[in-house]
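In what follows, chains are A, B, ... by sequence order, proteins preceding strands, each numbered from 1. Fair warning: this is a prediction, and the values are worked out from it, not measured in the lab. What's counted below: heavy atoms across the whole structure, side chains too, no hydrogens, waters or symmetry copies.
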Protein chains: 2
Amino acid sequence: MGHLTFKLNEKLYVRDPQSTELGQKIVSKGIEMIDGLGFEQFTFKKLAAQVNSTEPSIYRYFENKHRLLHYLTAWYWSWLDYRLDLATASLHSPEEKLRASIRVITEEKKTDPSFQHVNEEALHRIVVNELEKTYLTKWVDDDNQAGLFGGFKTLTKKISGFIKEVAPDYPFPNSLVSTILLAANEQLFFLEHLPTLSNLDKRLPAPQRHAQLQVFIESLVFGAIQKK
Amino acid sequence: MGHLTFKLNEKLYVRDPQSTELGQKIVSKGIEMIDGLGFEQFTFKKLAAQVNSTEPSIYRYFENKHRLLHYLTAWYWSWLDYRLDLATASLHSPEEKLRASIRVITEEKKTDPSFQHVNEEALHRIVVNELEKTYLTKWVDDDNQAGLFGGFKTLTKKISGFIKEVAPDYPFPNSLVSTILLAANEQLFFLEHLPTLSNLDKRLPAPQRHAQLQVFIESLVFGAIQKK
DNA sequence: CAAATATAATAGTAATACTAACATATTCCC
DNA sequence: GGGAATATGTTAGTATTACTATTATATTTG
C-alpha cells in the first residue's frame with residue numbers, strides 16, 4: 001500500500017512535494033481543500049493553516065495555486081495512463097484495447113491503495129470541476145511550452161493509437177479522443193448541476209450511471225469510426 | 001442594420017444594458033476588452049476607464065463581471081438560436097435540419113449587421129475561451145435556479161428535438177448535443193493552443209478549418225445515431 | 001561540529017472586488 | 001416651468017488575495 005509514485009514534469013513544482021513530509025501534506029490536504037472549497041475559494045493561506053505551516057513555506061513547493069492545480073491534474077492523467085496500461089496489458093486486439101480505454105475513462109473512480117497521500121475520488125471531482133482552469137488562462141502557451149500538459153497529451157496519443165489501428169482511415173482520432181476525455185467529465189458535471197443537458201439518470205446508483213456514461217461514450221467513438 | 005434585439009433573462013443584469021447608451025457601451029466595450037485581455041485580467045475598473053465612466057456606474061448594470069460574462073454568453077446562445085431558426089426555417093426533413101444545425105454550430109462566426117453594439121467575432125472568441133467559467137463556479141446551482149443557462153438549454157433542446165426525430169431510439173440526444181456544442185469550441189481552442197489534441201489543420205485558411213470541424217462533428221452525431 | 005538546508009515568523013505591498021454616501025445632471029410629467 | 005424621479009458621477013473606503021522580503025530557528029548531513 002502506497003508504494004508507487006509517478007515521475008511528473010519538474011516544471012510543475014518548485015520543490016518536489018513527494019520528497020518531504022510537508023510536500024506530501026500540501027498535496028493531500030490541497031486535494032481535500034480544493035475539493036471542499038472549490039478552486040477559487042481555496043487559498044495558500046487557508047492551506048497553510050491546515051498543514052500547520054505558513055504561506056511562504058507553501059510557495060517553496062508551488063509557484064502558485066494554479067501550478068498546484070496543474071500538478072494535481074497531471075497526476076490524475078498519469079494515474080489514468082497507469083490504469084489504462086493495467087487494463088490493456090493482457091489484451092490483444094486494438095478494438096478490445098479501445099473498449100477497455102473507454103471503460104477506464106468512464107468508470108467510477110475509487111481510491112487506489114497503491115498511492116498514499118492521494119484521494120483519487122476527491123481528485124476526480126476536482127478534475128470534473130476544475131480541469132478547464134488549467135488551460136483557459138493567459139498562460140496556456142507558456143504552460144504548454146513548459147510541458148505541463150504532457151500527461152493529457154500522452155493519454156490522448158495512446159488511445160488515439162488504438163483508434164488508428166481499428167480505423168486507419170478515420171481522419172480525426174486525436175479530436176475524437178480529446179473530445180471524449182472532456183465529455184466524460186462534462187457529462188458527470190451536467191448530471192450533477194444541469195441535468196437537462198444530459199441523459200444520464202441521477203436517480204440510478206453510481207455504478208449504473210457510469211455504465212450509461214460508458215455506453216454514451218462508446219456510441220460516440222464506435223459510431224464515429226463506424227464499428228458497432 | 002442594428003434593428004434587432006434579444007429579450008434576455010432579467011436576472012442577467014441589474015439594469016437592462018440595452019436600455020441606455022452607457023449600458024450599450026458597457027456591453028460593446030466589455031466584449032472588446034474581455035476578448036483582448038482575457039476574463040481574469042478584465043476588471044470593471046478598466047472597463048469604466050474605457051467607457052468614460054466609473055466603477056459604481058457599471059455595478060448599476062451588472063452585479064459583477066461574472067454576471068456580465070453570463071450576459072454575453074446568453075446573448076451568444078440566443079444569437080445561435082436565431083441563426084438556427086433562419087437556417088432551418090425552409091427545411092423540411094429533420095435530418096436536413098440536424099445537418100443545418102451542425103453547420104450553424106461549426107461555421108465561422110462573422111459580424112452580424114442585424115445587431116449593433118455586438119462584435120460577434122470577438123464574442124465567439126470569448127465563448128471559446130471563457131464559456132466554461134460561467135458554470136464552473138460555486139454559484140452554478142443558484143445561477144441555474146435563476147435561469148441563467150436558459151439559452152444554452154433552449155438550443156440544446158431544439159437540436160436534440162431534431163435528433164429525436166431522426167433517431168427516436170438513440171438514448172442520449174441531450175448528452176450528444178451538449179457534447180458537440182462544447183466540443184466545437186474546444187477543438188477551436190486546441191487548434192490554437194494545444195494542436196496535438198486536434199486533427200484540424202492550422203495551416204488551412206479559416207473556411208476550410210471550419211469545414212473540417214463540421215465534418216468532425218458530423219462524424220460524431222451521425223455516427224452515434226447511425227445515419228451516414 | 002560546522003555547514004547546508006528546510007521551515008517558521010513577521011511584516012508588508014499592489015491589486016481586486018466590491019460598497020457607501022453624497023453630489024450633480026438630465027428627463028419626465030403635471 | 002418647476003419639482004420629482006432617475007441616471008450618472010465623485011470620492012473614499014474595506015476586506016481579501018496573491019504574492020515577496022527578511023530574518024530567525026530548527027534539522028539534517030557530511
Side-chain angles (χ1 to χ4, degrees), chain A residues 10-30 33-34 36-72 117 130 133-134 136-139 142-143, chain B residues 10-30 33-34 36-72 117 130 133-134 136-139 142-143:
Chain A
E10 293 183 4
K11 297 276 177 65
L12 288 164
Y13 46 79
V14 180
R15 192 177 355 278
D16 186 353
Q18 307 205 56
S19 69
T20 68
E21 211 192 306
L22 180 59
Q24 289 165 1
K25 266 163 59 180
I26 287 171
V27 170
S28 64
K29 275 283 170 191
M33 292 187 78
I34 294 174
L37 296 171
F39 185 65
E40 351 292 320
Q41 282 64 49
F42 166 81
T43 70
F44 275 4
K45 195 173 186 179
K46 293 174 186 171
L47 177 58
Q50 287 286 316
V51 300
N52 294 312
S53 183
T54 60
E55 253 183 299
S57 293
I58 294 178
Y59 278 99
R60 283 181 199 112
Y61 284 88
F62 293 100
E63 232 171 283
N64 49 51
K65 70 173 182 174
H66 210 264
R67 282 293 168 105
L68 173 55
L69 184 61
H70 264 294
Y71 181 90
L72 297 179
H117 312 299
E130 324 286 2
K133 294 169 192 170
T134 59
L136 298 181
T137 73
K138 63 165 176 175
W139 313 287
D142 292 337
D143 290 351
Chain B
E10 294 185 3
K11 296 278 178 62
L12 288 163
Y13 46 77
V14 180
R15 191 175 359 277
D16 185 353
Q18 308 206 56
S19 69
T20 68
E21 212 191 304
L22 179 60
Q24 289 164 2
K25 268 164 58 181
I26 289 172
V27 169
S28 64
K29 275 282 171 192
M33 293 186 77
I34 295 175
L37 297 171
F39 185 66
E40 351 291 319
Q41 282 63 50
F42 165 81
T43 70
F44 274 4
K45 195 172 187 178
K46 293 174 186 170
L47 177 58
Q50 287 287 317
V51 300
N52 293 310
S53 182
T54 60
E55 254 183 299
S57 293
I58 294 178
Y59 278 101
R60 285 181 193 115
Y61 284 88
F62 292 101
E63 233 171 281
N64 50 51
K65 70 173 180 172
H66 211 264
R67 282 293 168 106
L68 172 56
L69 184 61
H70 264 294
Y71 181 90
L72 297 179
H117 313 299
E130 325 285 4
K133 295 168 191 170
T134 59
L136 297 180
T137 72
K138 64 165 175 173
W139 313 287
D142 292 336
D143 290 352

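- Separating the OG atom in S57(A) from the CG atom in L22(A) is a distance of 6.0 Å, to the nearest 0.5 Å.
- We find that OH of Y59(A) is positioned 17 Å from C1' of dT22(D), with the value rounded to whole Å.
- Between the CE atom of M33(A) and the NZ atom of K46(A) there is a distance of 7.0 Å, given to the nearest 0.5 Å.
- In this structure, Y13(B) OH and L68(B) CG are separated by 13.5 Å, a value rounded to the nearest 0.5 Å.
- Put simply, CZ on R15(B) is 10 Å from P on dT6(D), counting in whole angstrom units.
- Put simply, the side chain of H117(A) does not reach to within 4.5 Å of the side chain of V27(A), judged on heavy atoms.
- For E21(A) and E63(B), each mapped to the nucleotide of DNA chain C holding its nearest heavy atom, the one lying further toward the 5' end belongs to E21(A).
- In this structure, N64(A) atom CG and dC19(D) atom P are separated by 5 Å, rounded to whole Å.
- In this structure, R60(B) places its CZ atom 18 Å from P of dA5(D), rounding to the nearest Å.
- Between K45(B) atom NZ and dT11(D) atom P there is a gap of 13 Å when expressed in whole angstrom units.
- The phosphate of dG9(D) has OP1 or OP2 within less than 4.0 Å of a side-chain N or O from S53(B).
- A 4.0 Å heavy-atom criterion places the boundary nucleotides of DNA chain C facing chain A at dA6(C) to dT10(C), written 5' to 3'.
- Within 4.0 Å (heavy atoms only), T54(B) reaches at least one base atom of the nucleic acid.
- Looking at which nucleotide of DNA chain D each of V51(B) and K46(A) is closest to, the 5′-most match is held by V51(B).
- In this pair, F42(B) and F39(B) present their aromatic rings parallel. The plane angle is below 30°, not in the 30 to 60° band.
- For the pair D143(B) and R67(B), the minimum side-chain heavy-atom distance is below 4.5 Å.
- Using a 4.0 Å heavy-atom distance criterion, K65(B) is classed as a sugar-phosphate-only contact.
- Distance CD (E40(B)) to C1' (dT17(D)): 14 Å, rounded to an integer number of Å.
- Residue F42(A) contributes atom CZ, which lies 18 Å from atom P of dT16(D) at whole-angstrom precision.
- Here the C1' atom of nucleotide dA12(D) and the CD atom of E55(B) are 12 Å apart, to the nearest Å.
- Within 6.0 Å of atom NZ in K11(A), 12 or fewer heavy atoms from other residues, nucleotides or ligands are found, so the atom counts as exposed in its surroundings.
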